[in-house]
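Worksheet: the structure to be examined is printed underneath.
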2 protein chains.
Amino acid sequence: MRGLDDTDREIVRLLLADSRRPFSDIAEEVGLSAPAVSDRVDRLREMGVVRGFTLDLDRSLLRSGVPVLLEIDAEPGRATAVRDALAGADAVEHVFRTADGRVTATATVPQTEVTELLDTHVDLADVDGYEVRLVADSEWSPGLGTAEFAPECAECGNTVDEEGERTVLDGDTYYFCCGSCESRFVERYESLKEGA
Amino acid sequence: MRGLDDTDREIVRLLLADSRRPFSDIAEEVGLSAPAVSDRVDRLREMGVVRGFTLDLDRSLLRSGVPVLLEIDAEPGRATAVRDALAGADAVEHVFRTADGRVTATATVPQTEVTELLDTHVDLADVDGYEVRLVADSEWSPGLGTAEFAPECAECGNTVDEEGERTVLDGDTYYFCCGSCESRFVERYESLKEGA
DNA sequence: CCTGAAAACAACAGTAA
DNA sequence: TTACTGTTGTTTTCAGG
């Protein structure tokens with residue numbers, strides 16, 4: 001399995017700054033041909049590193065309600081359930097789940113109808129307590145740093161290095177640290193699918 | 001001053017889902033010609049609603065350190081200073097300032113060297129206290145809802161409606177609720193500039 | 001990963017509503 | 001001011017090496 005090289009990182013950095021920049025332009029910048037850049041971008045999308053091309057919007061200019069920051073302390077083991085419930089809500093933009101079982105989310109709600117948002121989307125039995133703060137402003141600086149490509153093994157959770165494997169199952173990409181983790185996962189996946 | 005109509009919203013929605021989608025394609029979707037879409041996108045950028053075209057990256061696949069969530073309680077009146085200091089740091093991706101004087105930020109730091117990040121970028125005299133949480137996972141669902149274009153008046157802070165004005169000063173766009181707010185602001189701006 | 005050709009696209013001008 | 005048509009130069013994509 002191949003990771004990211006410096007050229008990949010440079011391409012990502014350039015597209016992060018302007019995703020509509022012509023590949024031919026980027027090609028010149030990184031010393032490649034346009035088709036080569038196109039191929040690399042395709043690969044990055046397949047790898048799942050690049051999820052898509054999108055816009056950076058200034059939401060402070062758009063009024064569709066009141067922007068709020070939600071801090072929810074989930075009941076033990078229910079943080080991922082709360083995260084999923086929130087992520088499914090239209091009004092919610094960001095969801096961060098932290099290791100201490102808290103879910104922090106940003107949303108824009110009609111008035112201060114946050115209670116309603118929680119009520120309709122989140123099972124309140126999952127929630128230990130929560131706080132709501134009004135967002136005054138927010139910034140986003142998409143950067144890359146010296147990022148390495150290092151997914152987690154879908155089977156054992158270890159970091160996957162260059163020796164790892166990649167498998168696409170029903171359109172989703174999974175990474176594995178070794179062949180045995182891969183076959184174990186695929187086997188389990190197949191039998192679960194058969195049962196369903 | 002013109003706001004956003006349904007066509008603008010539809011264009012933004014389509015570009016949000018795929019910012020590399022050809023304008024000709026979008027044109028067909030919204031029932032306009034390609035140059036008309038191009039004009040509208042230019043206008044949206046001028047208005048500041050669209051800040052730019054970028055990528056949606058899956059940072060969980062990229063290891064460049066430990067992702068953390070920072071919660072900083074700023075000293076009274078120092079929240080914007082803390083926000084600016086953090087936003088300027090390379091490792092910081094999101095910064096949310098809430099009305100209660102708290103700054104919540106996400107960052108990816110080499111190890112758990114968060115203290116260093118705060119030390120080098122933020123004036124500790126501005127900070128009353130802070131907490132650090134390890135981010136387990138995060139999601140982003142860029143959506144638009146039924147957003148209205150409604151910036152704040154740069155002079156009085158009121159919401160600017162269709163009757164408002166727009167002025168570009170040294171490349172920055174400012175919105176005003178009325179002509180008198182505008183002239184007051186511009187006058188002050190000019191005299192400040194002259195003094196400097 | 002390259003080159004070269006064909007198709008698709010964006011940008012510009014001029015014009016009409 | 002906004003959008004349309006037609007033209008031009010780029011850009012993307014595809015084939016073959």
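Owing to the predicted nature of the structure, the values given are computational and were not obtained by experimental measurement. In what follows, every heavy atom counts, from backbone to side chain, and hydrogens, waters and symmetry copies are set aside. Order of the sequence lines sets the chain letters (A, B, ...), proteins ahead of strands, with each chain counted from 1.
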Selected nucleotide, minimal atom distance to Asp39(B) side chain, candidates dT5(D), dA3(D), dC2(C)
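Looking only at heavy atoms from C-beta outward on Asp39(B), the closest nucleotide is dA3(D).
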Of the options dG4(C), dA3(D), dC1(C), whose atoms approach the side-chain atoms of Ala36(B) most closely?
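The answer is dA3(D).
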Counting only side-chain nitrogens and oxygens, does [X] get under 4.0 Å of the OP1 or OP2 atom of [N]?
X        : N       : result
Ser24(B) : dA8(C)  : no
Arg43(B) : dT1(D)  : no
Arg20(A) : dT11(D) : no
Arg40(A) : dC1(C)  : yes

Please give, in whole Å, the distance from [N] [atom2] to [X] [atom1]?
X        : N       : atom1 : atom2 : answer
Arg45(B) : dA10(C) : CZ    : C1'   : 15 Å
Phe23(B) : dC4(D)  : CZ    : C1'   : 17 Å
Ile26(B) : dC9(C)  : CD1   : P     : 11 Å
Asp25(A) : dA10(C) : CG    : P     : 15 Å
Glu29(A) : dT11(D) : CD    : P     : 13 Å
Phe53(A) : dT12(D) : CZ    : P     : 11 Å
Asp42(B) : dT2(D)  : CG    : C1'   : 13 Å
Leu32(B) : dA10(C) : CG    : P     : 14 Å

Would you kindly say whether Glu93(A) and Ser141(B) are connected by a side-chain donor-acceptor distance under 3.5 Å?
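Glu93(A) vs Ser141(B): no donor-acceptor pair found between side chains.
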Once you apply a heavy-atom cut-off of 4.0 Å, does Ser33(A) come out as touching a base, just sugar-phosphate, or nothing?
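Base contact.
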Arg166(B)/Glu46(B) ion pair, N-O < 4.0 Å
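Counted as a salt bridge, because a side-chain N and a carboxylate O are separated by less than 4.0 Å.
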Check for a donor-acceptor pair, side chain of Arg20(A) on one end and backbone N or O of Ser19(B) on the other, with a separation under 3.5 Å.
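Yes.
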Test your reading of the model: is there a side-chain donor-acceptor pair from Asp84(A) to the backbone of Ala81(A), 3.5 Å cut-off?
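The answer is no, because no donor-acceptor pair under 3.5 Å joins these two groups.
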Do the ring planes of Phe185(B) and Tyr174(B) sit parallel (below 30°), tilted (30 to 60°) or perpendicular (above 60°)?
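The arrangement is tilted - the two ring planes meet at 30° to 60°.
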